[in-house]
Structures are given as C-alpha cells and as structure tokens.
Amino acid sequence: MASKGSLADGVWRALRPVPGLVQPDVVLPDVADGALVAVVVAQGQVCWVGPNDAVPAAYAALPQWDGGGALATPGLVDCHTHLVYGGQRANEFAMRLAGATYEEVARAGGGIVSSVKATRAATEDELFALAAPRLQALLQEGVCAIEIKSGYGLALEHERKQLRVARRLGEAFGVTVCTTFLGAHALPPEYMGRSQAYTDLVCNEMLPALAAEGLVDAVDVFCERIAFTLAETEQVFQAAQKLGIPVKLHAEQLSDMGGSALAARYGALSCDHIEHLSADGIAAMQSAGTVAVLLPGAYYTLRDTQLPPIAALRAAGVPMAVSTDHNPGTSPALSLLLMANMACTLFRLTVPEALAGITTHAARALGLQDSHGLIASGRPANFVLWPVAEAAELAYWLGHKPAATIVRQGLVVADGLGVCAVAGDHHGV
Ligand code: DI6
Ligand code: FE
C-alpha cells in the first residue's frame, strides 16, 4: 500500500491540458488553447511543459510516453479534512433522518464529543489502520496533497496521536500531507463550563508542545455558537502568530460570527464553510488574499439551506477552493470529484471554477501554491491523465472513479490508461 510505482521520468506526450491548470514554458503564437502539450519529468520534477511538437532535443534520451490525447490536470488537492478519527457516527445520520438538527445532536452529547471518545480509546496504530482506506479512496481519484486536522483528541496526548498518524500516512502513501492543529474544535467533556481554561490550555500548552515536535503546519479553530467565541478564536490565532504558524478558520458555518474578518486580519490561508459570510467578511478576505473553502458535502449532509455567497465571492475575486471536509459527523465524503459536482449543482460554480477549486485554489489554501495545483516546470511531478472526452466530465459523473493514470511525487502510482504499461494495479494506489 505504500508508494509503490515506477519512476515517472520521461517525456509525456500528447496531453490535452485543462486551460489554466497547465502552464507551458513556451507559448508558440500559433498554438491555440487546447492544443496538445508535452510534459517532461526528470528526477521526479517537471522540468519542461510546452507544445507537443517542440520538445527540446535534449530530452530525446528519456523514456517517451504517449498520452494519446488524454485530458491532463494537476494532482488533486483536498484542502480540508478530518481524516483521522476513531469510530463512526451512522447513528446520528439516523437521528437527523428522524428530525434532529446537528446542533441538537451536539447538545445531546453526540456530535464531535462522541468521536472524541472513540479517538481517545484508539491506539496510534488503530487510528492509522482506520484512516488508511479512507486516504486510499481519495488517492485513487488522483489526490496528491491533502490536509489532515486534529481535533478529535482535545488533550495533548490524543491530539499528538492524531497528528502523528497524519504524518505517518503521508510517509506510508507518498503523498503530501499538511497537518492542522484543531485543538479548539470542541470543548472536551472534562472542561464543560470552563471554555476559557481549555482555550488557555490549547494556547499555552498543547500548541507549543505539538509545534515543537514538528506536527503543526497550520492552526484552525471552530468559531461558532456551539464551539469557540470570537475572542477565544483570536487568542488561539495570537498563539499561532507567536510561533509563526499560519492560521485558517471554520467560519460562518451555522451563523455569522464575524470570524472570517478576524481570520483575514491574521492573514489566514483560508476561511472554510462560510455559508453565512457577510459582505464585510468577503471584503476582508479579498484584501488579505484569503481563500474561500467551499464544503458542499457538509452543506448536503446537514440539509443546509443557506448557500455560501458565491456570486459575491466571484465578483470580489476571492479564490474559491472545494474540499471534502471528510469527517464522521457532517461530511463522510470520500470523493473530491463528487464534491466538484456538488459545488456546481448545489452552489452553481462553473466547471472551470470547480476544477480550479480542487487544484490550484486548494493548493493556495494550504500555502502550497508554489509546488502543487498546477502542472508547471520546477514542481514535483503530480498530475493525472483522465479517460474522459472533456473536462466537464470530471464534475459530471456521480460516484464514478475513472481509471486514471496518476503520477504522484514523481512516481506512476496507477496507470488506468495504460500509458506506461509498467505501473501497478489501479486498486493498489
Ligand atoms: N465543522 C465541521 O464540519 C466538522 N467540524 C467542524 O468544525 C464537523 C465535525 C463533526 O461533527 O465531527
Ligand atoms: Fe471541517
């Protein structure tokens, strides 16, 4: 299950680029948008992208792979997940079907806290074994970078366990994993009624310890009526800032708390959910360059009716990413392509917006804009060749995992198209 695969070094010819997701080094004046391109990979890095018939002679000695006109996108990026946890919460699914709301389930002792119990009870190896098949499902669709949050431990040793598993998953599967410390996800039962004391613990003990262990790439907070206040959120942001760690926020999911504007003031990488985002929040995100992360899986699961303000975000030029928000409570989703579909159908994104949302803009939401989310020279080779006739198909099928050829971290990890005819079985991704 580890990153088996053959080296992707070679000249990948006859690829059909998705406009905006492939950046040629050489643009010949007579090459129209949509003309075939070649991508040269050497030592696991993309080193040349350009017109198919203009590959420099210097690369003639490399293996030559014929893409046969397959559509090429960068490796997908899932920029918001809670992938590592114990147990599952299908019982809440049934409760909601019987009429309970997410907030009612949470107030009744279910919700995040029930996943906390199961996560605390699990060993690191058990959490790894539970998360591995979920990660594999995402990888089989071409995910090459993923964010994984803590937030189901809510105590130092258990948050550490989650983050260590996230790191181990990245190493075992050869995929870029960005870890996010979400200690301020919910109030643990032992701190009931002592929100300030728990926030102090998060800021003064948990975050510094985990950061010192190299386990924290970013810091997140659930800023909501049923979670942490604006003032508590700011306290966590200050602690992160002191350590030089970037922040992001679960913001305006159930109500307008003003979290996005606060996050933007701290230069947040992203504000996520944002169904109830105000015009002020949009303006603040726009000027800070903060990415709006749309999570249609949670919107769908909760049968939410408040749409995120897509038209206003678009008009303001705020980059929009799309992610699974994979978690056991509100988004048990394991398909980023399905999220692209739902972002189009439910939120009315255009297909190019949805595709940028699961690649380029998602990479930006993780601070990976210089290495992921675009096929371009100087980046690690992460790309996917799709067996589809047009780009819209990537957002069109419901629940179909196309047998793609996947290059991840410079290795051919799946070869559904038979381009190289040397890589392993697609299911081994
Ligand atoms: N927002 C979410 O969508 C998840 N966490 C959060 O802050 C839900 C987490 C859960 O219900 O377990
Ligand atoms: Fe989330």
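Atoms within each ligand, like the ligands themselves, are counted from 1 in listed order. No hydrogens, no waters, no symmetry mates; every other heavy atom, side chains included, goes into these values.
Between Arg168 and Asp125, at least one side-chain N (NZ, or NE/NH1/NH2) sits under 4.0 Å from a carboxylate O, which counts as a salt bridge. Ion pairing between Asp325 and Lys149 fails under the 4.0 Å rule for side-chain N and carboxylate O. Salt-bridge check for Lys161 with Glu124: failed, with every basic side-chain N at 4.0 Å or more from each acidic carboxylate O.
Side-chain contact annotation: Gln253 with Asp272, donor-acceptor N/O pair under 3.5 Å absent.
Expressed to the nearest 10°, the angle at the Fe ion (ligand 2) joining NE2 in His250 with NE2 in His80 is 90°.
Proximity of Val412 to Val407: side-chain heavy atoms (C-beta onward) are separated by under 4.5 Å at one or more points. Looking only at side-chain heavy atoms (C-beta outward), Asp217 and Arg167 come within less than 4.5 Å of each other.
Annotation for Arg348: atom CZ does not count as buried by contact number, only 12 or fewer foreign heavy atoms lying within 6.0 Å.
If you look at Asp325 and ask which of its N, O or S atoms sits nearest the Fe ion (ligand 2), the answer is OD1.
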Find all protein N or O atoms under 3.5 angstrom from an N or O atom of ligand 1 and list the pairs with distances, or write 'none'.
{"from": "ligand 1", "atom 1": "1 (N)", "to": "Gln253", "atom 2": "OE1", "distance (Å)": "3.4"}
{"from": "ligand 1", "atom 1": "3 (O)", "to": "His273", "atom 2": "NE2", "distance (Å)": "3.3"}
{"from": "ligand 1", "atom 1": "3 (O)", "to": "Asp325", "atom 2": "OD2", "distance (Å)": "3.0"}
{"from": "ligand 1", "atom 1": "3 (O)", "to": "Thr330", "atom 2": "OG1", "distance (Å)": "3.0"}
{"from": "ligand 1", "atom 1": "5 (N)", "to": "His185", "atom 2": "NE2", "distance (Å)": "2.7"}
{"from": "ligand 1", "atom 1": "7 (O)", "to": "His185", "atom 2": "NE2", "distance (Å)": "3.2"}
{"from": "ligand 1", "atom 1": "11 (O)", "to": "Arg89", "atom 2": "NH2", "distance (Å)": "2.8"}
{"from": "ligand 1", "atom 1": "11 (O)", "to": "Tyr102", "atom 2": "OH", "distance (Å)": "2.7"}
{"from": "ligand 1", "atom 1": "12 (O)", "to": "Arg89", "atom 2": "NH1", "distance (Å)": "2.8"}
{"from": "ligand 1", "atom 1": "12 (O)", "to": "Arg89", "atom 2": "NH2", "distance (Å)": "3.3"}
{"from": "ligand 1", "atom 1": "12 (O)", "to": "Tyr152", "atom 2": "OH", "distance (Å)": "2.6"}

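Counting backbone and side-chain atoms alike, Asp272 contributes no N/O/S atom closer than 2.8 Å to the Fe ion (ligand 2).
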